[in-house]
Protein chains: 2
Amino acid sequence: MSVNERGNSESAARILDVAERLLQLRGFNGFSYADVAAELNVTKASLHYHFSGKAELGEALIKRYARRFAEALAVIEEDTTDAHTKLEAYAALYAEVLRGQRMCLCGMLAAEYQTLPPAMQAAVIQFFDENEAWLERVLERGRAEGTLGFGEPAREAAHLVVSALQGAMLTSRPYGEISRFQTAADVLLSSLARPAAVAQSARGATA
Amino acid sequence: MSVNERGNSESAARILDVAERLLQLRGFNGFSYADVAAELNVTKASLHYHFSGKAELGEALIKRYARRFAEALAVIEEDTTDAHTKLEAYAALYAEVLRGQRMCLCGMLAAEYQTLPPAMQAAVIQFFDENEAWLERVLERGRAEGTLGFGEPAREAAHLVVSALQGAMLTSRPYGEISRFQTAADVLLSSLARPAAVAQSARGATA
DNA sequence: GTCTATAACGAGATAGAC
DNA sequence: GTCTATCTCGTTATAGAC
């Protein structure tokens, strides 16, 4: 390997993997350096070499998570054409996270927001801003191309999409049933496409 | 006063008030007996007299919160007639919680679910079950009376309502803007009333 | 890079006086 | 009911050897 800087080594990546999973399962205040160290069969002191403190570890977790999420959005842009399919793919990202009982990393941190170090707070906000900006563009295009229909500004609809999907993860996880999430996501997406569906059912009703 | 049993005294009520606020602000894993004691100018040992442990305190918090929420739902039943107005009143309950930067107590606990004692987990589930059952009845009646319109089973729409409102609280709180919550709630409710709105805009378009 | 050892603090909890 | 005192354990963090 060529890179051996603190926070960027392969050991650091393994630490982030374990810490990420624990954070999504139990929350930032629900796991400790000792938990991570035990799972990796190393000592706590070893973790401090890679991440000086829990706050720095937390920042690195959000930044990596946000980067991967942005990459997934770019893939959606490439692989799909119409906006409605993009929304389905977006919801599928959340469903994938929910498999393995995990909450969205930033959704979890949103709950614990008031207890987070300022740098982590700022990174959480940035994650949501980026998500809503991407969704706003997709929704706007969907309305222009006719695959989506809604009366509100795209900005406001985007906020509902993020809220509903994060909330569906939040409230489905205790039940351990992905179907609960999927149902809420399906109803949400159908409501954003509803005008067309209503027009269809209206045609069917009057036929 | 006549009642002096442990967990039911006026002192216990003050403890619950403080603990409830801290839980909604910081999460169950984000506050301690020391925090509550300091705010009440008593010692930790005094708290243990009223609630033997943090798990028992947590159970009492959920039960009181769920009881008050159920009472608020009963008031909505009395004070409002049509289902759409009931939904607006339901969303207003959440908005009221959000004032003062608080998260829904059970929404917060849903995030921390995996770290909770079993009795608290069961109580959280019960809170959501009761909420969705109430919403399902309201939605069903709304469809029957014509103030609401949606294609899915009322049970599924109810799940979306809970998800979207909890998620709107979750994602709005970091921004400190109630308007973010209100916007998402408004878009959600308009989507449940949309068929009528569409019919109106269709009339307007063809007029 | 990882270890041992330890510091420094906070958490939940209990015993027993008042 | 509330207190003082204490216990035990977990958590974050650092120093310094290997």
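All of these numbers come straight from a predicted model, not from anything done at the bench. The sequence lines fix the lettering, A, B, ..., with proteins before strands; numbering per chain opens at 1.
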Visitor: Looking at B:S190 and B:V187, would you say the former's side chain and the latter's main chain have a donor-acceptor pair under 3.5 Å?
Guide: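 Indeed, once roles are kept as given, a pair shorter than 3.5 Å links the two residues.
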
Visitor: Starting at CZ of A:F51 and ending at P of D:dA13, how long is that distance when rounded to a whole Å?
Guide: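 Between P of D:dA13 and CZ of A:F51: 14 Å.
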
Visitor: I need the CG-C1' distance between A:L47 and D:dT14, as an integer number of Å.
Guide: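 Rounded to the whole Å, the gap is 14 Å.
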
Visitor: Quickly work out the A:N41 CG to C:dG1 P distance and round it to whole Å.
Guide: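 So the two atoms are 19 Å apart, to the nearest Å.
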
Visitor: Check the interface with nucleotides 7-12 of chain C: list each N/O to N/O pair with the protein under 3.5 Å, or write none.
Guide:
| residue | atom | partner | partner atom | Å |
| --- | --- | --- | --- | --- |
| C:dA11 | OP1 | B:S32 | OG | 3.3 |
| C:dG12 | OP1 | B:K54 | NZ | 3.0 |
| C:dG12 | OP2 | B:Y33 | N | 2.9 |
| C:dG12 | O6 | B:K44 | NZ | 3.3 |

Visitor: Using the side-chain heavy atoms of B:S9, tell me which of these nucleotides is nearest: C:dT4, D:dC3, D:dG1.
Guide: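 Among C:dT4, D:dC3, D:dG1, the one nearest the side chain of B:S9 is D:dG1.
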
Visitor: Restricting to non-hydrogen atoms, name the atom on B:L23 and the atom on B:M108 that form the minimum distance, rounded to 0.1 Å.
Guide: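 In terms of heavy atoms, the two residues are closest at O-CG, 3.6 Å.
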
Visitor: Within this structure, what is the CG-to-C1' distance between A:L57 and D:dT12, rounded to whole angstrom?
Guide: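 Checked: the CG to C1' distance equals 12 Å.
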
Visitor: Under a 3.5 Å threshold, yes or no: a donor from one side chain and an acceptor from the other, between B:D35 and B:S32?
Guide: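 There is such a pair between these side chains.
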
Visitor: Considering just the side-chain nitrogens and oxygens of B:S52, establish if one lies under 4.0 Å of OP1 or OP2 belonging to C:dA13.
Guide: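 Answer is no, no contact under 4.0 Å.
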
Visitor: Test your reading of the model: is there a side-chain donor-acceptor pair from A:R141 to the backbone of A:A83, 3.5 Å cut-off?
Guide: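 No; judged by distance alone, with no hydrogens or angles, the pair does not exist.
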
Visitor: If we check side-chain contact (heavy atoms from CB on, under 4.5 Å) with B:E20, which of these qualifies: B:L105, B:L25, B:I62, B:I15?
Guide: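 It is B:L105; the other options fail the test.
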
Visitor: When the distance from CD1 of A:I15 to C1' of D:dT12 is rounded to whole Å, what number comes out?
Guide: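 Between C1' of D:dT12 and CD1 of A:I15: 15 Å.
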
Visitor: Using whole Å, what does the distance between atom P of nucleotide D:dT11 and atom CG of B:N29 come to?
Guide: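 Result: 11 Å.
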
Visitor: Which pair of heavy atoms, one from A:K54 and one from A:F31, lies closest together, and at what distance?
Guide: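 Result for this residue pair: NZ-O, 2.8 Å.
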
Visitor: Could you check how far OH of A:Y49 sits from P of D:dA17, rounded to whole Å?
Guide: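 Answer to the nearest Å: 18 Å.
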
Visitor: Does a side-chain N or O of A:T43 approach OP1 or OP2 of C:dC3 to a distance below 4.0 Å, or not?
Guide: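 Yes, because at least one side-chain N or O of A:T43 sits under 4.0 Å from OP1 or OP2 of C:dC3.
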
Visitor: Taking the cut-offs as 6.0 angstrom to the six-membered ring centre and 45 degrees off its axis, would you call A:R6 and A:Y49 a cation-pi pair?
Guide: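 Yes - A:R6 lies over the ring of A:Y49, closer than 6.0 Å to its centre and within 45° of its axis.
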
Visitor: How close or far is atom C1' of D:dG1 from atom CG of B:L40, stated in whole angstroms?
Guide: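 Distance, rounded to whole Å: 14 Å.
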
